Amino acid sequence: MSVLQQNFQINFQYNIHFTEHVFSLQNAELLYMLKMAQQPGFTQRLLFVIDEQVQLLHPSLTSQIDEYFKAVNTIQVVREKIVIAGGEMAKNDLNYFNQIIEAINHHKIDRHSYLIAVGGGSVLDLAGYAAAVAHRGLRHIRIPTTVLSQGDSGVGVKNGINYLGKKNFLGTFSPPVAVFNDYHFLTTLTDRHWVSGISEAIKVALIKDGRFFEWLEEMADKIMQYDKAAMQYLIERCADLHIEHIGSGDPFELGSSRPLDFGHWSAHKIEQLSAFSIIHGEAVSIGIAIDSLYSFLVGSLAKDECIRILNLLLKFKLPIFNEILVSGANIQALLGGLQEFSEHLGGPLTIMLLNAIGQGYEVHEMNAVKIEQALSLLQKTYVDQERYELAEF
Ligand SMILES: NC(=O)c1ccc[n+]([C@@H]2O[C@H](COP(=O)([O-])OP(=O)(O)OC[C@H]3O[C@@H](n4cnc5c(N)ncnc54)[C@H](O)[C@@H]3O)[C@@H](O)[C@H]2O)c1
Ligand SMILES: [Zn+2]
């Protein structure tokens with residue numbers, strides 16, 4: 001009998017740039033980043049994957065991209081841009097995955113080339129997955145264009161698509177080589193997408209940074225009035241808390257704990273139950289409401305703090321309940337989400353709850369009766385899509 005031991009470390013490092021007009025000729029950040037990675041004698045080939053909605057609302061984007069790189073003879077941009085329908089559909093329909101893989105093959109994108117994805121979290125998750133599995137991993141740059149993707153999904157290390165009806169069933173841990181958060185893209189977001197990503201900021205504040213939660217309370221009105229500076233701070237603080245957690249803990253989630261998924265065990269299920277008409281950020285908001293109220297019901301979170309959390313979600317016009325959670329069958333399916341959550345992670349079920357605003361703790365089981373109680377309290381609060389008021393509980 002003999003044993004050979006293999007042992008090596010790989011160091012990952014990438015920068016998240018906060019910028020505006022990334023493809024303006026006056027903005028050299030992206031060019032500089034590529035230049036620093038340049039190997040003598042090699043031409044860097046770039047394949048762009050673009051969210052269709054972004055392309056439509058920023059019609060000069062593709063010509064700007066071509067113009068931006070035109071004068072650089074060590075960089076070759078593939079002329080054809082791969083345009084993918086935005087939203088969860090991008091992750092649900094395998095044809096989009098195939099489309100990117102075929103383009104990678106057709107345009108001979110190799111492991112020294114770059115796939116640059118411009119879009120919301122869904123297109124980035126899909127493009128990141130395609131980049132990670134083609135040729136066992138292409139270099140990948142993300143240019144997130146939504147609040148959620150600039151503050152959370154685009155700055156982390158995960159990608160994925162939905163498969164067998166399950167969220168993110170296929171995916172990898174695969175850090176990008178760089179991220180460029182271009183605030184200009186946010187100017188075309190719908191009201192709905194302006195607020196939906198804020199739930200991820202509230203989530204990370206709740207488990208890690210009570211001061212940030214207070215800041216969100218103070219700035220909510222300004223953010224709802226589209227204050228640019230306030231939103232930029234929200235995104236940067238949200239991204240910072242996410243990357244700090246990822247870098248200092250368990251980046252590839254080898255354990256069973258996933259604190260950044262506070263509120264997500266139900267959120268993923270709610271998205272599916274609504275056939276994705278409830279979008280991720282909104283589902284996370286409902287998930288936060290459920291787990292905050294649950295934390296109050298099991299005695300770990302003070303009532304006034306629970307009310308502050310629900311009020312903040314309501315201030316951002318984020319949902320805290322949806323009528324799909326009234327039917328008994330859907331409630332059972334929701335409870336099944338706990339099981340799916342632990343199957344996804346493996347090991348013992350581990351759920352983050354709250355001790356206080358800014359402080360989470362983990363449990364390994366949840367009480368179904370108390371979850372249902374939390375749901376019925378939230379239902380009392382829910383009036384209709386236009387009018388949210390907090391019921392007495
Ligand atoms: N990988 C991760 O770690 C991680 C973390 C959190 C969330 N996610 C995933 O992110 C996805 C949600 O991302 P999202 O909230 O960015 O939504 P999204 O990508 O689904 O985009 C929402 C809509 O906004 C459009 N859009 C994108 N940018 C726009 C812009 N600048 N102007 C106007 N419209 C624009 C899209 O085309 C789409 O119609 C979910 O699939 C979720 O599971 C992944
Ligand atoms: Zn999320």
Side-chain angles (χ1 to χ4, degrees), residues 12-17 19-86 90 95-120 123-145 149 154-155 159 172 174-182 184-185:
F12 288 101
Q13 191 185 333
Y14 57 94
N15 290 340
I16 297 151
H17 301 253
T19 188
E20 245 175 302
H21 300 285
V22 65
F23 298 113
S24 146
L25 295 176
Q26 280 76 49
N27 187 335
E29 280 187 73
L30 174 57
L31 267 186
Y32 185 73
M33 178 258 131
L34 288 167
K35 203 168 164 192
M36 294 312 285
Q38 173 89 49
Q39 290 169 11
F42 263 107
T43 296
Q44 292 167 306
R45 282 168 57 72
L46 316 181
L47 175 69
F48 279 85
V49 173
I50 301 176
D51 188 312
E52 186 175 38
Q53 205 56 24
V54 176
Q55 159 98 328
L56 281 171
L57 295 166
H58 300 263
S60 56
L61 179 63
T62 48
S63 56
Q64 260 188 317
I65 291 173
D66 291 335
E67 203 55 33
Y68 185 77
F69 294 105
K70 203 168 79 180
V72 190
N73 54 18
T74 53
I75 293 179
Q76 191 185 51
V77 179
V78 173
R79 198 145 185 93
E80 184 202 353
K81 311 291 182 291
I82 312 305
V83 179
I84 301 284
N95 287 318
Y96 294 119
F97 172 75
N98 292 336
Q99 191 184 338
I100 299 177
I101 295 293
E102 278 160 23
I104 289 169
N105 179 42
H106 178 75
H107 295 293
K108 304 196 178 353
I109 298 299
D110 60 27
R111 288 174 43 81
H112 285 265
S113 311
Y114 292 81
L115 187 145
I116 304 187
V118 186
V123 169
L124 295 187
D125 269 7
L126 162 71
Y129 178 58
V133 296
H135 297 303
R136 299 201 174 105
L138 306 176
R139 297 166 193 215
H140 173 220
I141 295 174
R142 298 200 195 114
I143 305 186
T145 58
S149 55
V155 303
N159 56 54
T172 73
S174 158
V177 295
V179 181
F180 291 83
N181 274 342
D182 180 341
H184 176 66
F185 285 115

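No experiment lies behind these values; they were computed from the predicted model shown.
In this pair, F42 and H112 present their aromatic rings parallel. The plane angle is below 30°, not in the 30 to 60° band. Between F23 and Y68, the ring planes are perpendicular. Angles over 60° get that label, and only those under 30° would be called parallel.
When side chains are defined from C-beta on, L31 counts as touching I75, because their heavy atoms get closer than 4.5 Å. Side chains of F97 and V133 form a contact here, defined as non-hydrogen atoms less than 4.5 Å apart. Within the 4.5 Å cutoff, the side chain of Y14 has no heavy atoms near those of the V177 side chain. In this structure, L34 and L46 have side chains that are in contact, with non-hydrogen atoms separated by less than 4.5 Å.
Under the side-chain hydrogen bond (donor to acceptor under 3.5 Å, both in side chains) criterion, N73 pairs with no residue at all, not counting sequence neighbours. The ring pair (Phe, Tyr, Trp, His ring centres under 6.0 Å) test applied to H21 returns H184, not counting sequence neighbours.
By the 6.0 Å contact criterion, CD on Q39 is enclosed, its count of non-hydrogen atoms from other residues, nucleotides or ligands being greater than 12. Within 6.0 Å of the NE2 atom in H135, the count of heavy atoms belonging to other residues, nucleotides or ligands exceeds 12. The environment of CZ in F12 is crowded: more than 12 heavy-atom neighbours from other residues, nucleotides or ligands sit within 6.0 Å.
In this structure, CD in Q64 is found 10.0 Å from NE2 in H58, a value given to the nearest 0.5 Å. Distance check: F48 CZ to I143 CD1 gives 6.0 Å after rounding to the nearest 0.5 Å. Rounded to the nearest 0.5 Å, atoms CD1 (I116) and CZ (F180) are 8.5 Å apart. Between atom CD of residue E20 and atom CZ of residue F185 there is a gap of 11.0 Å, rounded to the nearest 0.5 Å. For the atom pair CG (D66) and CG (L61), the distance works out to 9.5 Å, reported to the nearest 0.5 Å. Here CD of E29 is found 4.0 Å from OG1 of T19. Values are rounded to the nearest 0.5 Å.
Using modelled atom types, one finds no donor on one side chain facing an acceptor on the other under 3.5 Å when comparing Q76 with T43. A donor-acceptor pair shorter than 3.5 Å cannot be found between the side chains of T145 and D182.
Nearest heavy-atom pair across A90 and Y96 is CA-CD1, 3.8 Å. Of all heavy-atom pairs spanning P176 and V179, the tightest one is CG-CG2, 3.8 Å. Residues I82 and A103 come closest through the heavy atom pair CD1-CB, 3.4 Å. Shown here for G154 and L124, the closest heavy-atom pair between the two residues is CA-CD1, 4.1 Å. When all heavy atoms are compared, the tightest approach of A132 to S174 is CB-OG, 3.6 Å. Considering every non-hydrogen atom in both H140 and A117, the closest pair reads NE2-CB, 4.2 Å.
For the pair R45 (side chain) and S113 (backbone), a donor-acceptor distance under 3.5 Å is absent. The backbone N or O of T172 sits less than 3.5 Å from a side-chain atom of N159, completing a donor-acceptor pair. Between the Q55 side chain and the V83 main chain, no donor and acceptor come within less than 3.5 Å of each other.
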Pair L115-I104, side-chain contact (heavy atoms from CB on, under 4.5 Å): steps then yes or no: CA-CA 9 Å; L115 187 145; I104 289 169; 3.8 Å; yes

Output, in order, the C-alpha distance, side-chain angles, deciding distance and verdict of side-chain contact (heavy atoms from CB on, under 4.5 Å) for K81 and I65. CA-CA 10 Å; K81 311 291 182 291; I65 291 173; 4.1 Å; yes

Are I141 and M33 close enough, and set up right, to give a side-chain contact (heavy atoms from CB on, under 4.5 Å), and what steps lead you there? CA-CA 10 Å; I141 295 174; M33 178 258 131; 3.9 Å; yes

Could you walk me through whether N181 and V155 satisfy the side-chain contact (heavy atoms from CB on, under 4.5 Å) test, starting with their C-alpha distance in whole Å, then the side-chain angles of each, then the deciding distance to 0.1 Å, before giving a yes or no? CA-CA 9 Å; N181 274 342; V155 303; 4.1 Å; yes

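Results of the side-chain contact (heavy atoms from CB on, under 4.5 Å) test with I84 over D51, I50, N95, V123 single out V123 as the only residue that passes.
Screening residues 124-140 for salt bridge (Lys or Arg N to Asp or Glu O under 4.0 Å), with sequence neighbours left out, gives K91-D125.
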